[in-house]
Amino acid sequence: MTAFYALLRRDLKLATRSSGDMLTLVLFFIMVGTITPFAIGPDKAVLARLAPGIVWIAAFLASLLAMDRLFRADHEDGSLLAMRHAALSLETITFAKIIAHWLTTALPLMIATPFMAVMLNMDMTIFTRTLISLALGTPALTAFGAVGAAITVSLRRGGLIAPVLILPLSIPILIFGVGAINANAGPDAETAAMLFLGGISLVSVAFVPFAAALALKLTQE
């Protein structure tokens, strides 16, 4: 476990040093919420009704922007190849990198959500649901992104191909994410959507490290 936490700390430190990347993601997330009212008009009722979809699309697009750097830097400087000879299995290494990536990409977006709430005229109930749904659903987005990043890590334009690969996997997360926030869906529907989001995240985080590790092994052989 010491090596696992050391790897986790290393990735967090590297992400903190390149804080400009995190700031770019957060600004992109907020800009989507800022630009949308100009596109669909200033009607507060319309904005509040569309807010769940806008927030989840913004979070999904921001996660796509960050996905390419999950493995690429380590692949290019040879760190990833060296890690294969470490005491930790590649599956455990991938799991640690997924956790670090979620902490440095999805968590900042959740912290920035109050700005989206102001821009999209959310009330406190919708805002709370939004935070909960993002907390439940973004681990799955990060996990699916890890698969796409692992498959395309050795490709020169892998950052353009990976989003195409993970988009079909991400559609259920977007559907349940919006359903968990939608005030017109009914209390049972919201609860069911929350449970589905949590279930997808648990299953994906449990199994994706094995799939991503296999993809990394194949790309390096």
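Basis for what follows: all heavy atoms, side chains included, without hydrogens, waters or symmetry-related copies.
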Practice problem: Starting from the C-alpha separation in whole Å, work towards a yes-or-no answer on side-chain contact (heavy atoms from CB on, under 4.5 Å) for Leu167 and Phe60. | Solution: CA-CA 9 Å; Leu167 181 60; Phe60 174 65; 3.5 Å; yes
Quiz prompt | Criterion side-chain contact (heavy atoms from CB on, under 4.5 Å) on Leu216 and Val153, from CA distance to verdict | solution = CA-CA 8 Å; Leu216 290 174; Val153 69; 4.0 Å; yes
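- Applying the salt bridge (charged side-chain N to carboxylate O under 4.0 Å, His left out) definition to pairs two or more places apart or across chains, none involves residues 26-36.
- Evaluation of the side-chain hydrogen bond (donor to acceptor under 3.5 Å, both in side chains) rule for Thr34 yields no partner, not counting sequence neighbours.
- Applying the side chain to side chain contact (heavy atoms under 4.5 Å, CB included) criterion to Leu65, with sequence neighbours excluded, gives Leu25, Phe28.
- No side-chain heavy atom of Leu12 sits under 4.5 Å from any side-chain heavy atom of Arg9.
- Under the 3.5 Å distance criterion, the side-chain polar atoms of Ser79 are left unmatched by any main-chain donor or acceptor of His75.
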Quiz item: Checking side-chain contact (heavy atoms from CB on, under 4.5 Å) for the pair Ser63/Thr142: CA distance, chi angles, key distance, verdict?
Solution: CA-CA 7 Å; Ser63 69; Thr142 304; over 6 Å; no
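- Once rounded to the nearest 0.5 Å, the distance linking OG1 of Thr113 with CD1 of Ile30 reads 9.0 Å.
- Considering Thr104, Leu8, Val205 as possible partners of Ile99, the one that fulfils the side chain to side chain contact (heavy atoms under 4.5 Å, CB included) test is Leu8.
- Atom CZ in Phe4 sits 10.5 Å away from atom CD1 in Ile93 (nearest 0.5 Å).
- Under the side-chain hydrogen bond (donor to acceptor under 3.5 Å, both in side chains) criterion, Arg10 pairs with Asp74, sequence neighbours left out.
- The cluster map of Ile, Leu, Val, Met, Phe, Trp and Tyr, joined by side-chain heavy atoms under 4.5 Å apart, puts Leu174 and Leu61 in the same cluster.
- Here Asp11 pairs with Lys97 under the salt bridge (charged side-chain N to carboxylate O under 4.0 Å, His left out) rule; sequence neighbours left out.
- Linking ILVMFWY residues whenever their side-chain heavy atoms come closer than 4.5 Å, directly or via other members, leaves Trp102 and Phe207 in distinct clusters.
- For Phe71, the ring-ring contact (aromatic ring centres under 6.0 Å, His included) test picks out no residue, with sequence neighbours left out.
- Under a hydrophobic-cluster definition in which Ile, Leu, Val, Met, Phe, Trp and Tyr are linked whenever side-chain heavy atoms come within less than 4.5 Å, directly or via other members, Leu131 and Met124 are assigned to the same cluster.
- Closest approach of Ala150 to Ala212, counting heavy atoms only: CB-O, 3.5 Å.
- Take Phe196 and apply the ring-ring contact (aromatic ring centres under 6.0 Å, His included) test, not counting sequence neighbours, and it matches Phe176.
- Scanning both residues, Gly137 and Ile173, for their nearest heavy atoms gives O-CG2, 3.8 Å.
- The side-chain hydrogen bond (donor to acceptor under 3.5 Å, both in side chains) test applied to Thr128 returns no partner, not counting sequence neighbours.
- The two residues Phe29 and Ala112 make their nearest non-hydrogen contact at CD2-CB, 4.2 Å.
- Contact record, Gly179 with Ala193: C-CB, 3.8 Å, taken as the closest heavy-atom pair.
- Val26 and Met31 end up in different hydrophobic clusters when Ile, Leu, Val, Met, Phe, Trp and Tyr side chains are linked at under 4.5 Å.
- There is no path of hydrophobic side-chain contacts, each under 4.5 Å, that joins Leu202 to Val147.
- In this structure, the separation between CG on Leu134 and CE on Met110 is 6.0 Å, given to the nearest 0.5 Å.
- Listed here is the closest heavy atom pair of Pro168 and Val164: CD-O, 3.4 Å.
- Residues forming a side-chain hydrogen bond (donor to acceptor under 3.5 Å, both in side chains) with Thr94 (at least two apart in sequence, or on another chain): none.
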Tabulate below the donor-acceptor pairs under 3.5 Å that side-chain atoms of residues 116-123 make, not counting sequence neighbours, or state none.
residue: Asn121; atom: ND2; partner: Lys44; partner atom: O; Å: 3.3
residue: Asp123; atom: OD1; partner: Thr125; partner atom: N; Å: 3.2
residue: Asp123; atom: OD1; partner: Ile126; partner atom: N; Å: 2.8

Output side-chain donor-acceptor pairs under 3.5 Å for residues 52-59, partner residues at least two apart or in another chain, one line each.
residue: Trp56; atom: NE1; partner: Ser133; partner atom: OG; Å: 3.3
residue: Trp56; atom: NE1; partner: Gly177; partner atom: O; Å: 3.3

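- By the side chain to side chain contact (heavy atoms under 4.5 Å, CB included) test, Glu76 pairs with Arg72, sequence neighbours left out.
- Expressed to the nearest 0.5 Å, how far CG of Leu109 lies from CE of Met22 amounts to 11.0 Å.
- A donor-acceptor pair under 3.5 Å links the side-chain atoms of Ser89 to the main chain of Thr92, judged by distance alone.
- Closest non-hydrogen pair, Ala66 versus His101, comes out as O-CE1, 3.1 Å.
- Remark: Leu195 CG to Glu190 CD distance equals 12.0 Å, nearest 0.5 Å.
- Ser204 places no side-chain N or O within donor-acceptor distance of the main-chain N or O of Ala143, the cut-off being under 3.5 Å.
- Separating the CG atom in Leu169 from the CZ atom in Phe144 is a distance of 5.0 Å, to the nearest 0.5 Å.
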